[in-house]
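Below you'll find the structure I mean.
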Amino acid sequence: MAHREAPASIGQRLLWFLEHYRPDTASLNCPVVCKLHGPLDVTELQVALGRLTRRHEALRTTLVRRGRELVQHIHDDLPPPFEVVPLAAEPDRLDAVVAEAVERELHTPVDVGRHPLRVTLWRLGPDEHMLCLNMHHLVSDAWSCGIVLQDLIRFLEAGPDGDPGLPPVQWQYPDFARWQHEQLTSGALKVHQDYWIRQLRGMKLVELPPAVPATDGGRPTGIEVATIDAGVFNRLKAVARGERTTPFAVMLSLYYLLLAQRTGQTDISVASLFANRSVKGVQTTVGFFANMVVLRNQVDPDAPFVEVVRRVRGTVIDGFLHEGIPYQMLPLNLQNTSGRVDDVVFQMLLTPPPGTKVQARGVEFELYTPDSLGSRFGLELGLIPQHSGACQAMLFYTTDRFQPAWAEEFLADYLTLARAAAARPTEPLSLTRV
C-alpha cells in the first residue's frame, strides 16, 4: 500500500510504551457508538466513511516500530474494515443482546499496525441499527470522537457526490507531530518543562485507603453513578461565572476538598486530561492530542468555598497555558512512591452527552454509552453535563483496591459537598457541618 512516513508524536510514543505494559490492550480502544433510527442506506454509509478517512489522515495511519522508534505510515487510501452483523432476539431480550455484542466489540483490541479504525454495524431491524466506529487511541481522543461523528453525518447528509460544506483541515496530525518535534529540538518547550518542574517539585501523591480488593470477582473496573440535579448544578455554574472561571474549576474544587477531608492532606495533586489543542489550526484535526496534566493545589478546608475556587482557578489557567508537556517527560521526585501520578483523576467531559440526537438523510443518530465503559486509572471522577441541565457523576475505581461500598460513600459525599457549595458558596464546606 502506498504511504508516506512521519515521526510519531510525543504522546503517541508515550502511549505506545505504556501499551506494552498493560495486559488489556483493548483499554486503548477509543469508540464512537450510536443507535440509528430510520431508513439507513448501508452503501451510502460506506461511501461517507470512505470520504471521512480521506479527509482525516489519522484515520488512514498505521503505526509501526522501527528499532527503538515509532513511525507513522500515512496511507494514500486505507478503507476501514466494515462488518454488518444481523442481531435477532425477543423484544424483551434485544437490549441485552445488543449490549453484549457492543461489549464484545469494545473488548477486542484494534490492531493499529494494520488499521486504526474498525467499523461494525449491527442490524436490529429494517430501520434500526447500532453503529460502532472503534478507533485506536493512538490516532484519536475524546475531542476527535466528536469531530469524527460530526463529519460523518455531514458526509452522509450531503450524499455520495454532494458537497458537505466542510472547511479544509488546516493541520493534519502528522503536521502537528512534526511541529511538536521541532519545538522539542529547538528548546521552545523548555519554558513549559521548567514550569512543571517548579510546580511539582516535592509533590506527594494522594494517600488513598490501603488496598482492600473487592470480593465479587467481577470486572477490574467498578463504577458508581449519581446525578447532581439541575438546580444544584445551575447554582454551581453561577458560582463559576461570579468567579470568572469555568464549571470545571468549581467541580474540581469540590473534589480537592473531599480528598483533603478524606485524607487529611492539604497538598493535593489530581491528574486530568486536557485537550491540548491551543495550537492554531488543530481544532478540526483528528488525532491523539489529549495530554495528562497534573494539577497541584494547596487546599484549605477551613476557607470559604469561593476562596478555594479562586486558588483552583489559577491552577487550572496555568495548567492550560503549559499543557503541551506530558508529565511522563518530567523528572519527578515523588516523596511517596506507593502509587502512580495518575492514580487520582478528574474529568469533566464537554463533548455531547449520551442521548444527543442528530439527523442525516432521514436517519437519527443517538449517542450511546456502552455498559462496558471503564477507566485506565485508579480512582477517576468523571462529570458529564446533561441536556436536562443536570450533571451525571461517575466514579470509576479499580476493584483490586477499593470496595464498592467505599466508592458509593465517596461519591455520595461529593454530592453532599456539591449541594452545600450551591447553597452556601461563601462559607467553608465540611462533611461534618452539612
Side-chain angles (χ1 to χ4, degrees), residues 31-38 94-96 98-99 102 128-132 142-143 145-150 152-153 222-255 257-258 272-273 275 305 309 312 316 345-360 363-375 380-397 407-425 429 434:
V32 176
V33 185
C34 293
K35 295 179 180 179
L36 308 186
H37 312 284
L94 184 58
D95 286 348
V98 170
V102 172
E128 297 292 326
H129 298 80
M130 183 74 77
L131 175 68
C132 178
W143 185 297
C145 287
I147 296 171
V148 164
L149 181 58
Q150 170 188 286
L152 175 63
I153 288 171
I223 180 173
E224 292 291 333
V225 181
T227 299
I228 301 170
D229 70 51
V232 170
F233 192 49
N234 282 334
R235 289 194 293 274
L236 291 172
K237 287 189 288 186
V239 172
R241 290 192 296 271
E243 296 301 322
R244 296 177 296 111
T245 189
T246 60
F248 177 94
V250 170
M251 307 311 286
L252 175 59
S253 298
L254 292 169
Y255 197 39
L257 284 169
L258 180 55
S272 186
L273 281 167
F305 180 63
V309 171
V312 173
V316 172
V345 174
F346 176 83
Q347 305 259 52
M348 191 162 184
L349 305 180
L350 301 179
T351 51
T356 296
K357 298 177 182 180
V358 290
Q359 287 201 351
V363 178
E364 182 180 79
F365 284 67
E366 178 183 353
L367 281 177
Y368 172 81
T369 301
D371 291 338
S372 58
L373 187 70
S375 173
E380 177 186 358
L381 178 63
L383 302 179
I384 305 179
Q386 305 293 298
H387 289 300
S388 64
C391 184
Q392 186 179 59
M394 298 180 294
L395 185 71
F396 302 94
Y397 60 96
E408 181 181 6
E409 181 184 8
F410 187 92
L411 186 58
D413 286 347
Y414 182 82
L415 265 65
T416 297
L417 288 177
R419 290 190 291 269
R424 303 182 300 278
L429 303 185
V434 295

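Along the sequence shown, residues carry numbers from 1.
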Report summary line: Nearest heavy-atom contact between Leu429 and Leu254 is CD1-CD2, 3.9 Å
Query raised in the report: Would Met251 and Ile228 count as a side-chain contact (heavy atoms from CB on, under 4.5 Å) if you check the C-alpha gap in whole Å, the side-chain angles of each, and the deciding distance to 0.1 Å?
Result: CA-CA 11 Å; Met251 307 311 286; Ile228 301 170; 3.6 Å; yes
Query raised in the report: Considering all heavy atoms of both residues, which atom of Val312 and which atom of Ala249 are nearest to each other, and what is their separation?
Result: CG1-O, 3.6 Å
Report task. Measure the shortest side-chain to side-chain distance between Phe365 and Leu131 over non-hydrogen atoms and say whether it is less than 4.5 angstrom. Result -> yes
Report summary line: Rounded to the nearest 0.5 Å, the CZ atom of Arg419 sits from the OH atom of Tyr414 at a distance of 12.0 Å
Report summary line: Output for pair (Thr416 OG1, Leu258 CG), nearest 0.5 Å, gives 9.5 Å
Query raised in the report: Atom SG of Cys391 and atom CG of Leu415: how far apart are they, to the nearest 0.5 Å?
Result: 9.0 Å
Requested in this report: Kindly indicate, with the supporting measurements, whether the criterion side-chain contact (heavy atoms from CB on, under 4.5 Å) is fulfilled by Glu224 and Met394.
Outcome: CA-CA 6 Å; Glu224 292 291 333; Met394 298 180 294; over 6 Å; no
**Report entry** From CA spacing to verdict: side-chain contact (heavy atoms from CB on, under 4.5 Å), Val345, Leu273
**Finding:** CA-CA 8 Å; Val345 174; Leu273 281 167; 6.0 Å; no
Report task. Give the minimum heavy-atom separation between Tyr397 and Ile223, together with the two atoms involved. Result -> CE2-N, 3.5 Å
Requested in this report: Enter the distance from Ile147:CD1 to Leu152:CG here, rounded to the nearest 0.5 Å.
Outcome: 13.5 Å
Report task. Taking all heavy atoms of Ser272 and all of Phe248, pick out the closest pair and write down the distance. Result -> OG-CZ, 3.6 Å
Report summary line: Taking every heavy atom of Leu367 against every heavy atom of Leu149, the minimum-distance pair comes out as CD2-CD2, 3.4 Å
Query raised in the report: Would you find a donor on one side and an acceptor on the other, under 3.5 Å apart, between the side chain of Gln386 and the backbone of Ile384?
Result: yes
Query raised in the report: Which word best sums up how the rings of Phe346 and Tyr255 line up, parallel for under 30°, tilted for 30 to 60°, or perpendicular for over 60°?
Result: tilted
Report task. To the nearest 0.5 angstrom, please state how far the CG atom of Leu349 sits from the CD atom of Gln392. Result -> 10.0 Å
Query raised in the report: Which pairs count as salt bridge (Lys or Arg N to Asp or Glu O under 4.0 Å) when at least one residue sits in residues 226-237, sequence neighbours excluded?
Result: none
Requested in this report: Not counting sequence neighbours, which residues clear side-chain hydrogen bond (donor to acceptor under 3.5 Å, both in side chains) with Glu243? List them please.
Outcome: Arg310
Report summary line: Closest non-hydrogen contact found for Ala422 with Leu236 is N-CD2, 3.7 Å
Query - Verdict with supporting geometry, Val316 and Thr245, side-chain contact (heavy atoms from CB on, under 4.5 Å) - result: CA-CA 9 Å; Val316 172; Thr245 189; 6.0 Å; no
